[in-house]
2 protein chains.
Amino acid sequence: MVRDEVVRSATRLFKERGIRGVSLQDIADEVGLTKGALYHYFSNRDDLLRQVFGDWITQEFESLRAHTSGSGGPTAQLRDYVRYHVTSVTQNIDLYHLSFSSEAELPPDVRAEFRQLKRRSDSVLKAILRAGVAAGDFEPRDEKVMAFAIDGMCNWLSQWYAADGPKSPAQIADDFVELLLRGLVRQDDGPTDSGPAHGAVATAEYHARAIRFHSERLEQLLPTLGGPGGTGA
Amino acid sequence: MVRDEVVRSATRLFKERGIRGVSLQDIADEVGLTKGALYHYFSNRDDLLRQVFGDWITQEFESLRAHTSGSGGPTAQLRDYVRYHVTSVTQNIDLYHLSFSSEAELPPDVRAEFRQLKRRSDSVLKAILRAGVAAGDFEPRDEKVMAFAIDGMCNWLSQWYAADGPKSPAQIADDFVELLLRGLVRQDDGPTDSGPAHGAVATAEYHARAIRFHSERLEQLLPTLGGPGGTGA
DNA sequence: CCATGCTTTGACCCAGCGGTCAAAAAATCA
DNA sequence: TGATTTTTTGACCGCTGGGTCAAAGCATGG
């Protein structure tokens with residue numbers, strides 16, 4: 001489909017140069033058409049932008065609803081939320097990056113839709129946090145600030161994630177969750193039910209990772225310990 | 001000084017409409033000059049951008065160096081880092097927001113400088129994390145991912161922080177730190193001796209102890225993993 | 001008073017923008 | 001095949017962009 005080809009090329013160019021940095025001529029050149037021909041598929045520039053973002057945002061709404069079913073305890077829900085968020089950002093990194101960076105340049109209706117998506121996602125997260133506090137699983141903290149912190153952590157992925165990096169999105173998500181849970185899950189009192197919640201496998205993996213980490217550090221230290229005039233520490 | 005007046009007006013307009021959304025004519029109108037007159041103060045558009053961002057970035061480099069003196073333990077250092085970062089973003093929110101959102105529209109050299117600032121800030125944070133782990137204050141985690149998470153949390157402020165909001169930057173920073181530390185500070189009954197500061201021997205001893213601790217935990221988990229599948233998740 | 005230098009003007013250039021349109025070219029169907 | 005519809009062209013319009021420049025204004029001080 002030519003139309004889809006146009007949308008795809010436009011998306012790529014927008015991401016590379018910013019929305020205002022791409023002319024219709026650029027897009028036409030990329031696809032191998034003439035500027036005039038584009039107007040057979042789009043009534044104007046804003047319409048093109050709408051087609052670039054419209055489908056994606058609708059799909060994100062759907063995905064958000066699907067992945068935050070609300071099953072499981074607050075801990076599991078938070079984990080699911082972060083996993084969903086991280087996956088979403090990494091898989092549609094171009095569009096996320098674009099929406100954050102060029103939000104001011106979006107057509108008003110698209111912009112409004114995008115803001116609504118952000119708002120809904122934010123309220124889902126806040127509901128999870130609230131439920132967690134109510135259930136006694138999370139420390140009571142400032143809901144708003146925590147939600148922004150978590151969303152920021154996830155959204156920032158759009159600025160640094162590289163598909164060819166050493167870590168998969170799932171691994172990154174789990175790292176995030178681990179950081180967050182150790183900060184949110186109450187650990188001081190009560191029966192330590194963090195075991196079942198966390199899962200024995202995850203806990204074992206954590207310990208294995210810790211062993212590897214410390215072993216490597218220890219190895220690095222060996223020459224230092226042996227040599228007399230070494231460059232200490 | 002007319003020049004400064006121009007820079008100030010340009011900054012304000014850029015923030016409101018994005019870099020590419022502001023023409024030299026707009027700036028001239030704002031200051032009350034003619035487009036031609038601007039060229040008496042700037043050799044071209046990129047030069048103007050350079051003057052808008054140049055001073056600020058230099059100042060940020062200075063600020064970063066000043067606020068990360070490295071005194072205190074890892075916990076204190078992390079707290080200082082987050083406080084500095086949050087303060088910096090909230091106080092220069094226009095320029096931060098602009099740099100993140102319109103990074104693609106900056107002149108190449110300015111862009112390079114900005115990226116360098118980000119990189120340096122990132123490496124400072126990673127050093128703190130590494131030192132914290134080495135000292136036994138922090139759990140061993142993926143340095144890169146944690147650094148991105150923390151920086152993301154802070155940088156995301158540029159997207160939502162409002163000066164007239166209910167929380168001061170300092171309060172927000174402390175909320176962040178609390179979230180982070182409860183995730184990073186070791187709270188379980190692992191190797192508890194965090195005393196010895198920097199000696200290589202002490203560090204090696206700590207790592208050895210940590211390995212033994214985690215190995216034992218891992219062993220304890222083995223029956224659980226092999227047993228009747230109850231908590232599989 | 002004029003001479004000197006800094007500052008500002010406003011007309012101008014050209015390139016590129018989004019957008020239009022009649023006509024040509026391809027594809028489709030009968 | 002011819003008739004019809006979809007797709008594409010390329011010339012064109014009005015407009016705004018960054019950038020140039022000779023000349024005018026405006027201080028200053030000898």
Side-chain angles (χ1 to χ4, degrees), chain A residues 1-55 95 98-99 101-112, chain B residues 1-55 98-99 101-113:
Chain A
M1 205 77 165
V2 179
R3 204 202 70 115
D4 297 342
E5 169 76 17
V6 175
V7 169
R8 243 178 295 122
S9 295
T11 307
R12 240 203 41 239
L13 289 178
F14 284 150
K15 177 213 161 193
E16 283 170 11
R17 307 182 210 166
I19 291 181
R20 278 222 168 79
V22 178
S23 70
L24 293 181
Q25 189 61 60
D26 292 335
I27 298 170
D29 289 348
E30 188 77 8
V31 189
L33 284 178
T34 318
K35 194 176 59 171
L38 294 183
Y39 282 82
H40 187 255
Y41 299 99
F42 314 100
S43 59
N44 54 42
R45 200 173 197 271
D46 275 6
D47 186 43
L48 168 58
L49 283 173
R50 226 166 276 131
Q51 299 213 28
V52 166
F53 289 91
D55 297 346
L95 285 160
L98 207 47
S99 302
S101 71
S102 305
E103 200 187 317
E105 298 162 20
L106 293 174
D109 50 345
V110 175
R111 186 177 179 177
Chain B
M1 207 79 165
V2 179
R3 204 201 69 115
D4 297 342
E5 169 76 18
V6 175
V7 169
R8 242 177 295 124
S9 295
T11 306
R12 239 203 41 239
L13 289 178
F14 285 149
K15 165 210 155 198
E16 282 170 12
R17 308 183 210 163
I19 291 182
R20 278 221 164 77
V22 178
S23 70
L24 291 182
Q25 189 62 60
D26 293 334
I27 298 170
D29 289 349
E30 187 78 8
V31 189
L33 283 179
T34 317
K35 195 176 58 169
L38 294 182
Y39 282 82
H40 187 254
Y41 300 98
F42 313 100
S43 58
N44 54 45
R45 199 174 198 270
D46 276 6
D47 187 42
L48 169 58
L49 283 173
R50 226 166 276 131
Q51 301 213 28
V52 167
F53 287 90
D55 296 347
L98 208 46
S99 302
S101 72
S102 305
E103 199 187 319
E105 299 162 19
L106 293 174
D109 50 345
V110 175
R111 187 177 180 178
E113 233 181 330

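Each chain gets a letter, A, B and so on, in the order its sequence line appears, and its residues count up from 1.
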N/O to N/O distances under 3.5 Å, protein versus nucleotides 24-26 of chain D:
none

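In this structure, the CD atom of A:Glu5 is 15 Å from the P atom of D:dT7, given to the nearest Å.
Between the side chain of A:Asp47 and the main chain of A:Ser43, a donor-acceptor pair closer than 3.5 Å is present.
Taking 4.5 Å as the limit, every side-chain heavy atom of A:Tyr41 sits out of range of all side-chain heavy atoms of A:Asp4. Here the side chains of B:Ile19 and B:Leu49 are in contact, with some heavy-atom distance below 4.5 Å.
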Whether each nucleotide of nucleotides 8-22 of chain D has a protein heavy atom under 4.0 Å at its base (B), only at its sugar-phosphate (S) or at neither (-) is summarised, 5' to 3', as BBB------SBBB--

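Summarising the geometry of A:Gly18 relative to B:Ala104, their closest heavy-atom pair is N-CB, 4.4 Å, with the distance given to 0.1 Å. Looking at every heavy atom in both residues, A:Thr11 comes nearest to A:Val52 through OG1-CG1, 3.5 Å. Minimum interatomic distance between B:Gly21 and B:Asp26 (heavy atoms only, all atoms of both residues): O-OD2, 4.0 Å.
Checked against side chain to side chain donor-acceptor pair (under 3.5 Å), A:Asp29 has the following partners two or more places apart in sequence or in another chain: A:Gln25.
Atom CZ of residue A:Arg50 and atom CG of residue A:Leu106 lie 11.0 Å apart, to the nearest 0.5 angstrom.
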